[in-house]
Amino acid sequence: MKGMILAAGYGTRLRPITYTLPKPMVPLCNLPLIGWAVESYLKAGVQDLVINLHHLPEQIERYLQDHYAGDARFYFSREEQILGTGGGVRRVRHALEPDEAFFLVNGDTVQFPRYGALNDARRELDAVASLTLRHPPEGDKFTAVWLEDGRVTGFGEGTGEAMMFAGSHCISSRLFRYLPDQEVSGIVDAAYQPLLAQGRETLAGVADDGLWFDIGTPRRYLAAMRALIDATGRGDVPLAKGSQIRGGSIVDETGTAGAVTRSTVGARSVVEGDVRDSAIWDDCAIGPEVMLERCIVGHGVTLTGDLELRDSIIVRDDPAIPREVERRGGVVV
């Protein structure tokens, strides 16, 4: 079976990071988000991967080809405009339809889908798709997906238990009979919902409350980082290749970390200052008089002097970043 990763979005809520870095390349615990998705597929034995791309596609293609050569085979689908989940899948119909089914996962989440269970649930009910569903965090806004006896009974309203869609599916190739003949569409509203409402197809659901993170905002990013540090320390999640656990933080083996608390430090970065609950990416230099708390520091940033920052994103200046964004000493904050 093949797997597809949706990686075409802009990641607007992570700007200014995503003006110059596609969201799937945002590192979390020293592994890009799309790397988490690829590693999850490879662990499940899925090696043929389709990736749809739009924003800064070259960076994603180069990373995947360089880091997974010999381990995975990639087919890249560049979209001139973002086509949505349904349109993106429809565009690569020729690659996916020959198999009985395929997997689909969002590239901007970190999750560990039970791919075998998804495929088994789809087959057991002869469903057009099976979806990973989870119990939502208290107070979170979501569209309820109702699950009863392993079957999805409705979106928004239904019978059984209200769950949240986690963004991973196992999809029968007969889905292509139902996708609308148009460039842009969403797979849920254009296929799943009408098929279910009309009683034409069955949708299966697999409840899974395992580790799952939506990296939509800086706050969610840092929460995911802390949870993954803890999970890595327990041995529940493997370390990114080339990283180590040092004093409760994750540090690349080429990085240097002094007073670092519950943080991550990327490749070739040198941290001499006081860094807490923060992510320091690759090739950074954090001087001895710098204090950072709950910060995200992008690739190649140098911070020196008597500087104290909290709840901030700091990235290198670049012409792609609008002039109205605040600059301080050669970096964007």
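Values below: all heavy atoms of this structure, side chains included; hydrogens, waters and symmetry mates excluded. Owing to the predicted nature of the structure, the values given are computational and were not obtained by experimental measurement.
Remark: Arg316 CZ is loosely packed, at most 12 non-hydrogen atoms of other residues, nucleotides or ligands lying under 6.0 Å away. Crowding of Glu80 atom CD: a count of heavy atoms from other residues, nucleotides or ligands under 6.0 Å not exceeding 12. Summarising the local packing, CD of Glu157 is surrounded by 12 or fewer heavy atoms from other residues, nucleotides or ligands at distances under 6.0 Å. Atom CZ of Arg93 has more than 12 heavy atoms from other residues, nucleotides or ligands within 6.0 Å. Around the CD atom of Gln182, the shell of radius 6.0 Å holds more than 12 heavy atoms that belong to other residues, nucleotides or ligands.
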Legend entry - Test side chain to side chain donor-acceptor pair (under 3.5 Å) applied to Gln111 and Thr132, step by step: CA-CA 10 Å; Gln111 57 179 299; Thr132 300; 5.1 Å; no
Legend entry - Residues Glu58, Arg62; criterion salt bridge (charged side-chain N to carboxylate O under 4.0 Å, His left out); working and verdict: CA-CA 6 Å; Glu58 297 86 358; Arg62 186 167 56 248; over 6 Å; no
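Note: Tyr41 and Phe103 have tilted aromatic rings, judged against thresholds of 30 and 60 degrees for the angle between ring planes. Note on ring orientation: taking the six-membered ring where Trp is involved, the planes of Trp281 and His299 are tilted (angle from 30° to 60°). Aromatic ring pairs are classed by plane angle as parallel below 30°, tilted from 30° to 60° and perpendicular above 60°; the pair Phe74 and Phe76 is parallel.
Nearest heavy atom pair, residue Arg174 against residue Val128, reads NH2-N, 3.5 Å. The two residues Pro22 and Gln59 have their closest heavy-atom pair at CD-OE1, 3.3 Å.
Taking 4.5 Å as the limit, some side-chain heavy atom of Ile187 sits within range of a side-chain heavy atom of Tyr192. Between Met4 and Ser77 there is no side-chain heavy-atom pair separated by less than 4.5 Å.
No donor-acceptor contact under 3.5 angstrom links the side chains of Thr20 and Asp318, judged on distance only. Side chains of Glu39 and Tyr68: a donor on one and an acceptor on the other come within 3.5 Å.
The existence of a salt bridge linking Asp48 and Arg73 is confirmed by a sub-4.0 Å separation between a basic side-chain nitrogen and an acidic carboxylate oxygen. Taking 4.0 Å as the cut-off between side-chain N and carboxylate O, Asp230 and Arg262 count as a salt-bridged pair.
Of the inter-residue distances, the one linking Met164 atom CE with Leu133 atom CG reads 9.5 Å to the nearest 0.5 angstrom.
Here Leu196 pairs with Val152, Phe155, Leu203 under the side chain to side chain contact (heavy atoms under 4.5 Å, CB included) rule; sequence neighbours left out.
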